[in-house]
2 protein chains.
Amino acid sequence: MNTFQRNTQQRRVILEELQKLTSHPTASLLYAIVRQRLPKISLGTVYRNLELLAQSGVVKKLGHTTGEARFDGDTTPHSHLRCVECGRVDDVSAPVLDLTGGATDDWAGYQVLGYQLEFLGICPTCRKQTNHVSNP
Amino acid sequence: MNTFQRNTQQRRVILEELQKLTSHPTASLLYAIVRQRLPKISLGTVYRNLELLAQSGVVKKLGHTTGEARFDGDTTPHSHLRCVECGRVDDVSAPVLDLTGGATDDWAGYQVLGYQLEFLGICPTCRKQTNHVSNP
DNA sequence: GTATGTGCAAATGGTTTGCAGTGGG
DNA sequence: CCCACTGCAAACCATTTGCACATAC
């Protein structure tokens, strides 16, 4: 039932390193990390494998509301909190939506597959750097 | 308090056409539409104005979970339902989230600004075209 | 009059792809 | 041994930007 056939060294290392991280790296950040173990790997290979891993459900691809896509090695249900300044993404325990709620009976004929919930804010680091307090 | 100074013809027409639409056009689709009234307008101008209009809150820029960004002339609170096959976006009456809910007391030090909720599914048109019923 | 906006075209940046060579099963 | 996978580099495509000219105010 596996979508991919071969268990290549590259694929193994990419998955290992991604699952090791609690941050939600971009493809190129992960590329930099993986390159420490496999110096000859190419960015294209990282993209190809992340895509495959995401398709087989081993990994989650986070839609890019801003900037680049990010990937999450943790597939348990949870939401994300994205910093609108630096793009950093943290986890939040997911407030699960009740899709059976009557208000949304009308789905316009769609077959609903799920939802994506993302919180937006300013992370601690960026709050320190700029003044985000309303001026007196 | 307006973010932009000049009320140019281009800006006016872009806003008018966007507000006329209930679909959620991409920049280039809107460009095609606007060009019917202003044949000499450039795509760059459309992008520049959509960005400005979004910043001043007159228009809403929908984060691109897949593919291109889309723009919404309707700024009243509502959620979106995106077709994962063709990218089409429809409106749904927003099930408003209660951010005061105790479960999410821990925001990891973030200053939370809001959230983005997007439903994913397959639109009526795409359901007809491909067989999305589980095979017997 | 002048700063702001426009058209054009070239640059950017993330992601994808074609191809010849490699290595997993 | 053979086909899925890799490395490389070029292609892609949405978006952004630099510049000279135009225009709203």
Side-chain angles (χ1 to χ4, degrees), chain A residues 1-18 24-56 58-71 82 86-89, chain B residues 1-18 24-56 58-71 82 86-89:
Chain A
M1 188 104 320
N2 253 347
T3 310
F4 54 89
Q5 275 75 14
R6 296 192 185 172
N7 186 13
T8 61
Q9 191 180 185
Q10 289 87 332
R11 187 165 298 160
R12 224 178 305 119
V13 173
I14 288 170
L15 182 55
E16 267 177 45
E17 293 299 329
L18 179 55
H24 305 73
T26 60
S28 45
L29 181 51
L30 192 55
Y31 169 56
I33 292 167
V34 167
R35 204 148 48 148
Q36 293 174 13
R37 291 176 57 185
L38 304 175
K40 306 208 63 121
I41 200 175
S42 78
L43 182 56
T45 298
V46 173
Y47 272 107
R48 270 186 288 229
N49 277 305
L50 284 173
E51 202 53 53
L52 275 171
L53 290 165
Q55 269 167 34
S56 67
V58 184
V59 141
K60 192 141 183 281
K61 182 179 186 178
L62 310 184
H64 41 148
T65 308
T66 310
E68 318 150 63
R70 285 168 176 267
F71 295 85
R82 181 190 301 264
C86 67
R88 169 179 156 189
V89 176
Chain B
M1 188 103 324
N2 253 347
T3 308
F4 52 90
Q5 275 74 14
R6 296 193 183 170
N7 185 14
T8 61
Q9 190 182 183
Q10 289 87 333
R11 188 165 298 159
R12 223 178 306 119
V13 173
I14 289 170
L15 181 56
E16 267 176 45
E17 293 299 331
L18 179 54
H24 305 74
T26 60
S28 45
L29 181 51
L30 191 55
Y31 169 57
I33 293 166
V34 167
R35 203 145 50 144
Q36 292 174 12
R37 290 176 59 185
L38 304 174
K40 304 209 62 118
I41 199 174
S42 77
L43 181 55
T45 297
V46 174
Y47 272 107
R48 270 186 288 232
N49 278 306
L50 284 174
E51 202 54 52
L52 275 171
L53 291 165
Q55 269 166 35
S56 67
V58 184
V59 140
K60 192 141 183 279
K61 182 179 185 177
L62 310 184
H64 39 148
T65 307
T66 309
E68 317 149 65
R70 284 168 177 268
F71 295 85
R82 180 189 301 265
C86 67
R88 168 179 156 190
V89 176

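This structure is a prediction, so every number in the text was calculated from the model and none was measured. Numbers restart at 1 for each chain; the letters A, B, ... are given by sequence-line order, proteins then strands.
- No hydrogens or angles were tested; on distance alone, nothing pairs the side chain of B/Arg48 with the base of C/dT6 as donor and acceptor under 3.5 Å.
- The CD atom of B/Glu51 sits 13 Å away from the C1' atom of D/dT17 (whole-angstrom rounding).
- In this model, the phosphate group of D/dT6 is approached by a side-chain N or O of A/Thr8 to a distance below 4.0 Å at OP1 or OP2.
- Taking side-chain N and O atoms only, B/Ser42 has no distance below 4.0 Å to OP1 or OP2 of C/dT6.
- Residue B/Lys40 contributes atom NZ, which lies 11 Å from atom P of D/dT23 at whole-angstrom precision.
- Across all strands, B/Leu43 comes closer than 4.0 Å to base atoms (heavy-atom distances).
- Between the side chain of A/Arg11 and the main chain of A/Arg6, a donor-acceptor pair closer than 3.5 Å is present.
- The side chain of B/Asn7 contributes no N or O atom lying less than 4.0 Å from OP1 or OP2 of C/dG5.
- Side-chain to base pairing of A/Arg11 with C/dG24: no donor and acceptor N or O lie closer than 3.5 Å to each other.
- For B/Tyr47 and D/dT16, the shortest distance from a side-chain N or O to OP1 or OP2 is not below 4.0 Å.
- Within the 4.5 Å cutoff, side-chain heavy atoms of A/Val13 are placed close to those of A/Glu17.
- In this entry the distance linking CG of A/Asn49 with P of C/dT15 reads 15 Å, nearest Å.
- Annotation: the span from A/Arg48 atom CZ to A/Leu53 atom CG amounts to 13.5 Å, rounded to 0.5 Å.
- Using a 4.5 Å cut-off on side-chain heavy atoms (C-beta onward), A/Arg82 and A/Arg70 make contact.
- Across the protein-nucleic acid pair, A/Leu30 atom CG and C/dG14 atom P stand 15 Å apart, rounded to whole Å.
- At the phosphate of C/dG23, neither OP1 nor OP2 sits under 4.0 Å from any side-chain N or O atom of A/Gln10.
- Heavy atoms from other residues, nucleotides or ligands lying under 6.0 Å from CD of B/Glu16 number more than 12.
- Atom-to-atom, CG of B/Leu29 to P of D/dT15 comes out at 12 Å; the value is rounded to the nearest Å.
- Whole-Å rounding puts the A/Phe71 CZ to C/dG14 P distance at 13 Å.
- In this structure, the CZ atom of A/Arg70 is 11 Å from the P atom of C/dG14, given to the nearest Å.
- When distances run from any side-chain atom of B/Thr45 to the nucleotides D/dA24, C/dT6, C/dT15, the shortest one goes to C/dT6.
- Put simply, CD on A/Gln9 is 11 Å from P on C/dG25, counting in whole angstrom units.
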